[in-house]
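Computed from a predicted structure; not experimentally measured. Letters A, B, ... mirror the listed sequences (proteins, then strands); counts begin at 1. These numbers come from the heavy atoms of this one structure, side chains and all, not from hydrogens, waters or symmetry mates.
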Amino acid sequence: MTENTQQGPARGPQDSTPALPTTYAPAEVEGALYERWVERGYFEADAKSDKPPYTIVIPPPNVTGSLHLGHAFEHTLIDALTRRKRMQGYETLWQPGMDHAGIATQNVVERELGKEGKSRHDMGREAFVERVWQWKNESGGQISGQMRRLGDGVAWSRERFTFDEGLSKSVQTIFKRLYDDELIYRAERIINWCPRCLTAISDIEVEYEEDDGELVSIRYGEGADSVVVATTRAETMLGDTAVAVHPDDERYRHLVGRTIKLPLTERSIPIVADSHVDPEFGTGAVKVTPAHDPNDFEIGQRHGLPAITVMDEHAVITTHGPFQGLDRFEARSAIVAALRAEGRIVSEVRPYRHSVGHCSRCKTTIEPRLSMQWWVKVAPLAKAAGDAVRDGRVTIHPQEMEKRYFDWVDNMHDWCISRQLWWGHRVPVWYGPNGEQICLGPDDEPPAGEGWTQDPDVLDTWFSSALWPFSTLGWPEPTESLAKFYPNSVMLTGYDILFFWVVRMMMFGLYAMDGQVPFGTIALHGMVRDQFGKKMSKSFGNAVNPLDWMDKYGSDALRFTLARGANPGVDVPIGEDWVQGSRNFANKIWNATRFALMNGATVAGPLPAPEQLSATDRWILSRLNSVVAEVDAYYDDFQFARLSDTLFHFAWDEVFDWYVELSKTTFTGGGEAARVSGRVLGEVLDVVLRLLHPVIPFVTETLWTTLTGAESVVIADWPADSGFRDPAAEAEIAEVQRVVTEVRRFRSDQGLQPGQRVPARLTLGGTLLAPHEEAIRQLLRLQPAAEDFHATATLPVAGATVELDLSGAIDVVAERKRLAKDLAAAEKEKDQAERKLGNEGFLAKAPEQVVAGIRTRLAAAESDIARITAQLAALPQG
RNA sequence: GGGCGUGUAGCUCAGCGGUAGAGCGCCGCCCUUACAAGGCGGAUGUCGGCGGUUCGAAACCGUCCACGCCCA
């Protein structure tokens, strides 16, 4: 029972509350409901509260983004978790905010500038950054309005942005600490360079794809001293500084240590032996371009080779007369043509499929580039991140995902954190006129004097996102919020960003918060796919705007569909038909509640003791409590699909179908029995609506407040299993369901219309069915047997007999067919059971209850066979 | 190339050792006074193939085939 339940005499809702509209129209009311929740501050979190904390931070969406189905999915799940915890009495914080999305945002604003015929270089860094802020304030963050549509119960007063003042201070603080601990360093290495975004990106921002390229074999040197090398990137030969062969390769042993002339140039390059060369690939000899290939860079390091950069940041050739000014792909053809003219092309394979890296942001082919960048030395941080999961301080759901996590943290490369952008946290390092390099904390003044300049690069957006679980709470200040809400309870996000984000939060959380994990649980969800299980993409044309479906079917319908598809870590397909189905469910709840209210459903007064209840009432209450327990267990295990499905079937099939139908005669009968059932129905609805609220908050709010007259289901108590179970009542109702189903099948086989009244005589004496005669008659449209009653069909069911008078209209053929089919099924069942019971191994080794179960089945099958055989014999010939 | 995963009803997916399930779709009947966004009834599967373990396999093991994802 809820704290809002009002004591006192029963009152119909008509007395004090407006009747529900006859039509369920979600789009018209959802917005107002949400605004009221926000105004009343239900979603705000109080750091001074003495309730236990429950914290989830939003995986911050890009400031450039708008709500897509992936967000809708993730937010539905987080909202369900936090709404339930709030109802359970936790001080619940769902922390909202966005990230500044360095590359994406800069791209957006640069495109705008482009339309005005300007570039960011025309306006300068400071003015450009100001312009981006202006864009952010005017056009950014559309998603927060859309989150309201969805019903997200976030603490809006705490909304944060990775680039706001406080979070920027967090970034600078941790940078300085890592720098001082020598976990951040600067080094010249080969990095992944995007010649379109004009910045370095980290390894995980590179997407590899099979592309059609070409494999060209080129002869270097002359005559007997020549070697043939194969390459897919002929244009880089201008930067070759060696040819490498395997040290054990007999074919080339005589050449190692000698030099060879590099075609098209005046340079001679050495032939070196390196055990990393694969003698099986191509000719076994490879060209070495240390400035344009990561593997070649390593060979170069091992052999002290120079690294010659032959392209600029746009990937345009900068050297060698005829090729200068060509971009890399033009240069490739030109160089192959030039080599062919010299007779140096030994073979060409075209197309040659091979794996090529692309910028995850703009799909441009990555150009490995030698450059000076900032790095995080991840080894000690990743070790700690791995250990936290290994020793159980952090658990991953579903558990199978742990392996992927370990594979990643245990083999992580240093993280390139500098980006050649203007929009982002600038590296807080200054260089002095005499080669000084100092790192500034947030409270330090930049060095005075001539000749000091700040590093021009900014930090990877993930660097600031990694601080999100604590920077949003005020870190590095020792705030009350930080004390109350850190560590977070759960990190719920997609498995696709386990490496991008989760690992980084783990590393930085453990480091910044003195070994305290950022969250106790990582719950991973899958990706939203279309109704055929295909990945959604704009280019494929199957992307859906969730707002359209929310307009059409209501936010609850979208949410329920997503929750119902959410198996842990598994992709969830979604189609419009399914959203429509969820809308139908909401509509069903709506109408069932209307019906209940019209029939005196109430939460007023104490629930009558079991002795005062009918078996039907005890049955539904018994089931209700089982469902409460099941749903709770599913919630604790992030089984959104199962809890949604459980509630769907319990509400629709059991409450709104069987219970309501079985109780109709009670309600029409009036009196004390009707009053008692009204109270039970009120109780069941109250609990079901509260159980459903976290998943479908809007429709449940309207119905629950109407039913109870209380303020809001958002702040209602979460239902608890009272422990009440009544197996006898459950068995009794199962018998009722069985007889009703059997007779309905008979009626249907006989071609009777569903509403057609048929005279019948029920012999129920001594069976569990006896108290339910009225309800059974009602459900089966059976009229009392009159004087001239003449049974033309006799159905023995569950120890009782139902005789019908179809006035000779019985369809013997249909009935014989039906019975023959049932007989065959029963005989098959009997066969299987007998075979098992005749198996000594089974009897000896199977658990007792399984054997008993088979015995029961055998008995049931035998009685079915007897019953059906009798029915067949009783049928008129014909 | 390495790793992970998936193949169950027309579609999308649960089930993961003890009678094959759901939603949607399909067929038939019905506007039965909460709901046609509904009700009643029905059909539909050698649980990818082949071996093995087991009293018993959709489930466990091996293998093959077909897809997917991640990493190189």
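- Across all strands, Arg564(A) comes closer than 4.0 Å only to sugar-phosphate atoms, never to a base (heavy-atom distances).
- For Lys836(A), the side-chain atoms get nearest to G18(B) when compared with the rest of U32(B), G18(B), A37(B).
- Using a 4.0 Å heavy-atom distance criterion, Asn567(A) is classed as a sugar-phosphate-only contact.
- As a whole-Å value, the separation of Phe656(A) CZ from A37(B) C1' is 15 Å.
- Taking only side-chain nitrogens and oxygens, Asn411(A) never comes nearer than 4.0 Å to OP1 or OP2 of C71(B).
- Checked by atom type and distance alone, the side chain of His358(A) pairs as donor or acceptor with a backbone atom of Lys363(A) at under 3.5 Å.
- Using a 4.0 Å heavy-atom distance criterion, Gln756(A) is classed as making no nucleic acid contact.
- Applying the 4.0 Å criterion to OP1 and OP2 of G15(B), one finds that Arg642(A) has a side-chain N or O inside that range.
- Look at CZ on Phe842(A): it is 12 Å from P on A57(B), rounded to the nearest Å.
- No contact: Ala844(A) has no heavy atom under 4.0 Å from any strand.
- Nearest nucleotide to the side chain of Asp645(A), out of A22(B), A72(B), C35(B): A22(B).
- Spacing of P atoms, G2(B) relative to U12(B), comes out at 30 Å, to the nearest Å.
- Comparing C61(B) with A9(B), their P atoms are spaced 22 Å from each other, to the whole Å.
- Of all nucleotides listed (G42(B), C35(B), G3(B)), G42(B) comes nearest to the side chain of Arg818(A).
- C65(B) and G51(B) have their C1' atoms separated by 15 Å, with the value rounded to a whole Å.
- Checking Arg857(A), Lys836(A), Arg835(A) one by one against Glu829(A), the salt bridge (Lys or Arg N to Asp or Glu O under 4.0 Å) holds for a single residue, Arg857(A).
- Both Val206(A) and Phe585(A) lie near RNA chain B, and the one whose nearest nucleotide falls closer to the 5' end is Phe585(A).
- Each of Arg529(A) and Asp571(A) was assigned the nucleotide of RNA chain B with the nearest heavy atom; the assignment lying further toward the 5' end belongs to Asp571(A).
- Spacing between C31(B) and A36(B) at atom P, rounded to whole Å, works out to 14 Å.
- Residue Pro573(A) is classed as a sugar-phosphate contact, given heavy-atom separations below 4.0 Å to backbone atoms only.
- Contact record, Leu692(A) with Thr700(A): CB-CG2, 3.8 Å, taken as the closest heavy-atom pair.
- One P atom belongs to G45(B), the other to C11(B), and the distance between them is 14 Å to the nearest Å.
- With A34(B), A72(B), G18(B) as the choices, the nucleotide that has an atom nearest any side-chain atom of Tyr208(A) turns out to be A72(B).
- Regarding Trp590(A), its CH2 atom lies at a distance of 12 Å from the C1' atom of C35(B), rounded to whole Å.
- Within the 4.0 angstrom heavy-atom criterion, only backbone atoms of the sugar-phosphate kind lie near Arg745(A); the bases stay farther away.
- OP1 or OP2 of C30(B) sits under 4.0 Å from a side-chain N or O of Gln753(A).
- Taking 4.0 angstrom as the limit, Trp652(A) places a side-chain polar atom (N or O) nearer than this to OP1 or OP2 of G39(B).
- Salt bridge status for Glu827(A) with Lys830(A): absent, with no side-chain N to carboxylate O gap under 4.0 Å.
- In this entry the distance linking CG of Leu681(A) with P of A34(B) reads 14 Å, nearest Å.
- Put simply, CZ on Arg404(A) is 12 Å from P on C4(B), counting in whole angstrom units.
- Put simply, CE on Met527(A) is 13 Å from P on C69(B), counting in whole angstrom units.
- At a threshold of 4.0 angstrom between heavy atoms, the contacts of Glu661(A) include nucleobase atoms, whether or not backbone atoms are also involved.
- Of the candidates G39(B), C24(B), A37(B), A37(B) carries the atom nearest the Asn584(A) side chain, counting heavy atoms from C-beta on.
- Using a 4.5 Å cut-off on side-chain heavy atoms (C-beta onward), Ser275(A) and His246(A) make contact.
- Across the C1' atoms, C71(B) and G21(B) are found 36 Å apart, a figure rounded to whole Å.
- In this structure, the NZ atom of Lys403(A) is 5 Å from the P atom of C4(B), given to the nearest Å.
- No contact: Asp496(A) has no heavy atom under 4.0 Å from any strand.
- Here, G48(B) and A14(B) have their P atoms 14 Å apart, quoted to the whole Å.
- Using a 4.0 Å heavy-atom distance criterion, Val660(A) is classed as a base contact.
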Let me see the working for Thr708(A) and Asp686(A) under side-chain hydrogen bond (donor to acceptor under 3.5 Å, both in side chains), right down to the final yes or no.
CA-CA 8 Å; Thr708(A) 63; Asp686(A) 170 22; over 6 Å; no

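- Closest approach to the Pro754(A) side chain among C69(B), G18(B), U32(B) is made by U32(B) (side chain taken as heavy atoms from C-beta onward).
- A37(B) sits 42 Å from C70(B) when the P atoms are compared, rounded to a whole Å.
- Under a 4.0 Å N-O distance rule, the pair Arg745(A)/Asp822(A) qualifies as a salt bridge.
- Distance from the side chain of Trp578(A) is smallest to G23(B) among C70(B), A37(B), G23(B).
- When heavy atoms are screened at a 4.0 angstrom cut-off, Lys664(A) is found touching base atoms of the nucleic acid.
- Within the 4.0 angstrom heavy-atom criterion, base atoms lie near Tyr24(A).
- When all heavy atoms of Leu685(A) and Thr593(A) are compared, the pair lying nearest together is CD2-OG1, 3.8 Å.
- Atom CZ of Arg583(A) is separated from atom P of A36(B) by 11 Å (rounded to the nearest Å).
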